[in-house]
S.K.: 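The structure is given below, and queries will be raised subsequently.
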Amino acid sequence: MSELTNLGVKAIRDGVADGSFTAREVAEAFNTAVAEAADLNAFIVTTPDHALAAADAADAKRARGEDLGIMGGVPIGMKDLFATKGVQTTAASHILEGFTPEYESTVSQKLWDAGAGMLGKLNLDQFAMGSSNETSYFGNVNSPWRKEGSNAAMSPGGSSGGSSSAVAARIAPAATGTDTGGSIRQPAAFTGICGIKPTYGRCSRWGVVAFASSLDQAGPMARSVEDCAIMLEAMAGFDPKDATSLQMDVPAWEAGLDADLKGKKIGIPKEYRMDGTDEEILKSWEQGKEWLRDAGATIVDVSLPHTKYALPAYYIVAPAEASSNLARYDGVRYGLRDLPDGAGLQDMYAATRAAGFGDEVKRRILIGTYVLSAGFYDAYYTQAQKIRTLVSQDFEKAFAQCDAILAPTTPTASFPLGSLNEDPLTMYLNDVFAVPASLAGLPAMSVPATVNSDGLPLGLQVVGKPFDEQGVLNAGLAIQQRAGFDAQPEKWW
Ligand code: GLN
């Protein structure tokens, strides 16, 4: 592994700008690392030429004395949920195999405009549905991490597992993720990296394959809080093409980083002490409180009484929206078409969808269609929407007493691939701490805290008030500085 692949976003950007190395050298180092890491299965397609072209553009700008942009010369991985012009975009589903968009998503375009280049399209759970990266049509992603003394393949988390695996393995300095119910934070926690889901509406959803539109939000995944701040600044911003996009200026999050939390109150929600949460995770949560106290914050107890209803409500709202969003994959407009001999239009729809969607996606479509159907709508969907409101109100009340909330990101560390497949409910439970902030549309971040007795990373989660990404990043920075997390997976790939 060359030295350059150890660098993160800020170090690469600043090093290219001051001439310590060229952007081309960086892109070449990462392209090589990506090519050598096929065993991780983190990428669905690689785009070395995209990374090189952006690097050459950055080097040329530097030669002309021009501004390189806040991501100038940084090659990144792009979750394969973002439409990329001329580059296959699949959402890790067979039904979109071969689909090459004619347009660029707003978020990816903003990253290119800020000077970044693309190493490739990252693997994920199919249509971002999953918590382990086992629902991809293109095979599961492997975490670079393994339990000490074991060769068992571990989950990188989901759905942004290609992103987490690539960043943790240092084959990408950073990657995009999306988070509908934890898909940035849970994989970040599983792999010892940082990831922030901003307030709903900060990043445009235009050109992002839709899962559950009222929840979907893009965000960065990187190895430090600073790198997340930089990349989020490049990704965020109002977009007239997304009706839910926030019409607000993008704050200077990088410049605003400040780990001094004097005068800040951090809330500890008592309902997050749930049965089934790993003892070592509870211990790291205690440690997190100490770190934030040390940074100057006051720790206060808060209550989020509807927490236990958040997960069941999410698993009604998200599949309901998915069943509607995924109706567009009909064999006519995108990717796969299965047209049996002599078949009519209805047969084509049925055959295409039967062949194109994976089991988990079909399960979500079935659940979603059921909860939206006449006779069940009020019993399920309406009730779930009411719970969503109550969960939001819980946070509003808590934020009258505190500036941010500290919680674990996940109830357990990463698990071996295959170990939770039998029981979807156990898999869904993995998002129990992540989903409430998603339902309420709040900014939330996972920061690595420590490794457990198996040598696997554990993450801490900071949830903030609406639009207060700065507060979340700053609390994250305070944790990062005290945790001093520098563990790295031993290279086996
Ligand atoms: N794991 C959750 C699910 O399967 C969340 C996914 C996500 O945030 N995209 O729905």
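All ligand and atom numbering here is 1-based and tracks the order in the structure. Only heavy atoms go into these numbers, but all of them, side chains included; no hydrogens, no water, no symmetry mates. Because the structure is predicted, anything quoted here is derived from the model rather than measured.
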S.K.: Identify the protein heavy atom lying closest to atom 2 (C) of ligand 1, giving its residue, its atom name and the separation to 0.1 Å.
M.R.: Asp431 OD2, 3.1 Å
S.K.: So which protein heavy atom does atom 4 (O) of ligand 1 come closest to, and at what separation?
M.R.: Arg364 NH2, 2.7 Å
S.K.: Atoms of ligand 1 less than 4.0 Å from Phe211 heavy atoms?
M.R.: 9 (N), 10 (O)
S.K.: What atoms of ligand 1 come within less than 4.0 Å of a heavy atom belonging to Ala128?
M.R.: 6 (C), 7 (C), 9 (N)
S.K.: Between Lys79 and Thr178, do the side chains contain an N or O donor and an N or O acceptor separated by less than 3.5 Å?
M.R.: yes
S.K.: Counting non-hydrogen protein atoms only, what is the nearest one to atom 10 (O) of ligand 1? Give residue, atom name and distance.
M.R.: Tyr314 OH, 2.7 Å
S.K.: Quick one: look up the protein heavy atom nearest atom 7 (C) of ligand 1 and list residue, atom name and how far away it is.
M.R.: Ser183 OG, 2.4 Å
S.K.: Ser159 heavy atoms, cut-off 4.0 Å: which ligand 1 atoms fall inside?
M.R.: 9 (N)
S.K.: Looking at OG of Ser143 and CG of Leu417, how far apart are the two atoms once the value is rounded to the nearest 0.5 Å?
M.R.: 8.5 Å
S.K.: Sub-3.5 Å donor-acceptor pair from the side chain of Ser245 to the main-chain atoms of Ser204, do we have one?
M.R.: no
S.K.: Centres of the Trp145 and Phe190 rings: under 6.0 Å?
M.R.: no
S.K.: Can you check whether Gly181 has an N/O within less than 3.5 Å of an N/O in ligand 1?
M.R.: yes
S.K.: Would you give the length of the straight line joining atom CD1 of Ile76 to atom CE of Met71, rounded to the nearest 0.5 angstrom?
M.R.: 5.0 Å
S.K.: Just to confirm my output: which protein heavy-atom neighbour is closest to atom 3 (C) of ligand 1, and how far is it?
M.R.: Tyr315 OH, 3.2 Å
S.K.: Do the side chains of Lys283 and Glu286 get close enough for a salt bridge, i.e. N-O under 4.0 angstrom?
M.R.: no
S.K.: Under 3.5 Å between any N/O of Gly130 and any N/O of ligand 1: does that happen in this structure?
M.R.: yes
S.K.: Please work out whether the ring planes of Tyr103 and Trp206 are parallel, tilted or perpendicular, with thresholds of 30° and 60°.
M.R.: tilted
